[in-house]
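Structure, as structure tokens:
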Amino acid sequence: MIKKLIRKILGVKGKEAPSGPVILGPQQHGIDPRLLSNNAVRVTSTLQEAGYQAFVVGGAVRDLLLGVKPKDFDIATNATPEQVKRLFRRAFIIGKRFQIVHVMFGQDLLEVTTFRGPAVDNAPKDEHGRVLRDNTFGTQAEDAERRDFTINAMYYNPATQEVLDYHGGIEDIRAKTLRIIGVPEARYREDPVRMLRVVRFAAKLQFAIEQHTAAPIRVMAPLINNVPAARVFDEMLKLLMSGHALACLQQLRKEGLHHGLLPLLDVVLEQPLGFKFVTLALDSTDRRIHAGKTVSPGFLFASLLWHQVLEKWNAYLAAGEFAIPALHQAADDVLDSQTEKLALQRKIGSDMRDIWSMQPRFERRTGKNPYKLLEHTRFRAGYDFLLLRCASGEIDTELGQWWTAFYEGDETARETLIAGLQSQSQGGGGAKRKRPPRRAPRNREGGNGGGGGGDSAPAPAHSDGE
Ligand code: ATP
Ligand code: MG
């Protein structure tokens with residue numbers, strides 16, 4: 001309040017202190033109503049017919065203004081969660097920190113949120129100032145003020161086709177700028193996840209981060225360590241699945257935010273082999289997302305942490321352990337430390353373990369071994385992973401090429417491939433190196449790179465079953 005008064009006296013036209021919303025009609029904002037989902041319109045009109053205010057809000061409005069079809073729709077209303085629930089057949093009140101209503105139509109889920117008021121002074125906070133719980137309702141203007149960035153704080157009414165803009169979001173969209181609402185330090189302290197969000201939006205939308213919004217991040221980054229791991233994990237997953245994972249990670253590094261998010265990710269990224277591997281994995285993830293294909297989080301995290309596994313695997317091998325148990329121990333070590341810090345879900349962890357432990361099996365190409373491996377339920381993911389290893393220069397590209405031929409070949413081709421290897425090894429020559437039995441991996445510290453860059457390997461796709 002005092003801040004607003006001072007601004008008024010000084011005549012500062014701050015984006016933080018709007019007098020009321022700027023209202024834009026369809027001619028001014030240019031939103032194509034066809035980008036709106038029928039269910040979003042259904043929810044807002046049901047609420048409005050019952051006498052409440054209801055708007056599409058947040059990321060959906062931002063995307064509509066950018067001419068992009070939103071992937072989901074959030075609705076804001078002045079109806080309380082109970083009032084919302086009563087209007088829909090399949091509606092569920094969820095959430096502790098702040099209650100919201102999930103309205104379902106078939107598979108489609110819409111989040112309906114009651115306008116939120118300013119955090120009350122006595123709202124429970126942790127010792128670093130992070131707000132733990134507050135469930136105060138408020139006006140639309142107050143709701144806008146609590147949102148994170150100006151471009152995420154606009155409301156669209158499908159009935160009137162008007163956009164309500166409280167914080168200069170339209171201007172910032174046009175200038176491709178990410179600007180936090182309010183005092184940046186205070187907003188990051190309340191919720192450090194906003195630092196990750198700004199990075200994700202900057203990379204995804206290719207927007208610049210406004211100077212005052214960016215400035216405190218480097219210093220305040222450690223606050224992210226106090227956020228519950230599950231929430232950081234959700235945000236990391238969003239970031240990695242945004243279709244701009246590579247750009248996001250580069251931006252994270254640029255803002256000094258990569259430390260502690262994926263423990264040791266920074267170390268991995270600084271090793272030449274690890275860096276190439278992670279880059280290829282993320283690039284292929286991004287391409288899959290743009291092509292509308294699915295991406296498995298297990299594959300993604302298996303890739304990000306592979307070089308950590310490799311390092312430990314090599315250490316166990318050096319200590320005299322056999323290849324397969326050594327790999328399992330290395331996987332356990334990495335998963336144990338990450339499960340705690342990253343809140344990796346059990347299913348993701350077991351997918352990662354499957355992908356990793358399949359790797360030495362690709363080296364066994366005699367007799368029935370390759371056929372057995374082909375039947376593995378996660379073969380496709382393991383094979384894609386193998387191709388990444390080839391492409392990054394970690395292992396000989398010959399192995400990947402052989403498996404591609406085997407995977408795609410018919411029965412005769414497969415037999416020929418296996419026979420070809422046998423005759424090669426009997427002849428004792430050629431490309432195949434002699435290794436001590438049950439000793440892997442082939443790249444000891446620093447990697448023997450095999451065929452080198454490996455750019456000839458096919459681009460890996462990665463999920464189970466295309
Ligand atoms: P995406 O395209 O990733 O879904 P989004 O902006 O819709 O982006 P959501 O996490 O779906 O992101 O959040 C919806 C809206 O809720 C945001 O646009 C923003 O207005 C508000 N919001 C979300 N997280 C925060 C936060 N940590 N602090 C303040 N406001 C937030
Ligand atoms: Mg959203």
Side-chain angles (χ1 to χ4, degrees), residues 16 35-37 39-40 55-77 94-95 97-102 108-119 123 129-134 136 138 140-156 163-169 172-173 178-207 213 217 220 223-224 226-228 230-245 248 289:
E16 301 88 350
L35 293 177
L36 228 65
S37 89
N39 290 335
F55 300 85
V56 173
V57 68
V61 182
R62 176 196 72 219
D63 290 346
L64 288 170
L65 286 165
L66 291 168
V68 176
K69 194 171 176 58
K71 63 176 164 43
D72 46 40
F73 286 87
D74 296 325
I75 311 294
T77 178
I94 60 143
R97 185 166 173 260
F98 190 80
Q99 288 191 331
I100 58 175
V101 185
H102 277 177
D108 197 13
L109 178 141
L110 290 99
E111 276 190 15
V112 183
T113 314
T114 306
F115 293 144
R116 300 173 68 170
R130 188 171 64 85
V131 176
L132 296 175
R133 207 169 43 252
D134 73 294
T136 41
Q140 186 179 41
E142 286 166 339
D143 184 83
E145 196 149 347
R146 295 193 47 142
R147 293 184 178 272
D148 45 9
F149 307 104
T150 61
I151 62 165
N152 282 348
M154 289 180 275
Y155 302 77
Y156 179 67
V163 169
L164 277 64
D165 176 11
Y166 283 86
H167 292 276
D172 283 337
I173 283 226
L178 272 154
R179 187 190 311 270
I180 200 159
I181 295 169
V183 180
E185 287 82 356
R187 302 306 310 281
Y188 293 137
R189 193 169 294 283
E190 275 169 12
D191 184 5
V193 167
R194 290 173 186 148
M195 293 186 266
L196 292 180
R197 289 175 58 85
V198 74
V199 164
R200 171 161 64 90
F201 293 130
K204 178 176 158 182
L205 305 171
Q206 294 182 309
F207 275 30
T213 304
I217 294 181
M220 299 187 80
L223 288 181
I224 293 185
N226 309 318
V227 177
R231 194 151 172 248
V232 177
F233 180 77
D234 284 350
E235 195 54 41
M236 280 303 286
L237 207 54
K238 274 194 182 183
L239 195 141
L240 294 168
M241 304 271 205
S242 67
H244 303 268
C248 280
I289 292 192

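Counting starts at 1 for both ligands and their atoms, in listed order.
- For N226, the side-chain contact (heavy atoms from CB on, under 4.5 Å) criterion is met by D126, H128, L223, not counting sequence neighbours.
- At the top of the distance list for atom 27 (N) of ligand 1, counting protein heavy atoms only, stands D191 OD2, 2.8 Å.
- Within the model, atoms CD of E190 and CZ of R146 stand 7.0 Å from one another, a figure rounded to the nearest 0.5 Å.
- In terms of polar-atom proximity, G58 is not counted as a contact of ligand 1, lacking any N or O under 3.5 Å from an N or O of the ligand.
- Of all protein heavy atoms, the one closest to atom 18 (O) of ligand 1 is G59 N, 3.1 Å.
- Of the protein's heavy atoms, R147 NH1, 3.3 Å lies nearest to atom 16 (O) of ligand 1.
- For T213, the side-chain hydrogen bond (donor to acceptor under 3.5 Å, both in side chains) partners at least two apart in sequence or on another chain are E210.
- Neither the backbone nor the side chain of V193 has any atom closer than 4.0 Å to an atom of ligand 1 (non-hydrogen atoms only).
- Interface of R146 with ligand 1, defined as ligand atoms under 4.0 Å from a residue heavy atom, comprises 29 (C), 30 (N).
- Proximity of F149 to ligand 1, defined as any heavy-atom pair under 4.0 Å, is not found for any part of the residue.
- Applying the 6.0 Å contact sphere to CZ of R197 captures more than 12 heavy atoms from other residues, nucleotides or ligands.
- Residues H167 and R179 have side chains not in contact (no heavy-atom distance under 4.5 Å, counting atoms from C-beta outward).
- The two residues M195 and Y188 come nearest to each other via the heavy atoms CG-CD2, 3.4 Å.
- Among protein heavy atoms, the minimum distance from atom 23 (C) of ligand 1 is reached at R197 NH2, 3.1 Å.
- Ligand 1 places these atoms under 4.0 Å from at least one heavy atom of R194: 26 (C), 27 (N), 28 (N), 29 (C).
- With rounding to the nearest 0.5 angstrom, the CG atom of L65 is 12.0 Å from the CG atom of D172.
- Nearest to atom 14 (C) of ligand 1 among the protein's heavy atoms is D74 OD2, 3.2 Å.
- Atom numbering of ligand 1 starts at 1 in the shown order; those under 4.0 Å from a heavy atom of K71 are 1 (P), 2 (O), 3 (O), 4 (O).
- With rounding to the nearest 0.5 angstrom, the CG atom of D148 is 6.0 Å from the CZ atom of F201.
- For atom 30 (N) of ligand 1, the nearest non-hydrogen atom of the protein is D148 N, 3.2 Å.
- In terms of polar-atom proximity, R62 is counted as a contact of ligand 1, with an N or O under 3.5 Å from an N or O of the ligand.
- With rounding to the nearest 0.5 Å, the separation of CG in L35 from CZ in F73 is 7.5 Å.
- Of all heavy-atom pairs spanning V61 and M154, the tightest one is CG2-O, 3.4 Å.
- Interface atoms of ligand 1 facing N152, defined by a heavy-atom separation under 4.0 Å, are 6 (O), 18 (O), 19 (C), 20 (O).
- Between D234 and K238 there is no salt bridge, since no side-chain N of the basic residue sits under 4.0 Å from a carboxylate O of the acidic one.
- Only the side chain of R231 comes within 4.0 Å of ligand 1, judged by heavy-atom distances.
- Which parts of ligand 1 touch K238 is read off a 4.0 Å heavy-atom cut-off, strictly below it: atoms 9 (P), 10 (O).
- When non-hydrogen atoms are compared, ligand 1 lies under 4.0 Å from the side chain of K204 (C-beta onward) but not from its backbone.
- The nearest heavy-atom contact from the protein to atom 3 (O) of ligand 1 is R200 NH1, 2.6 Å.
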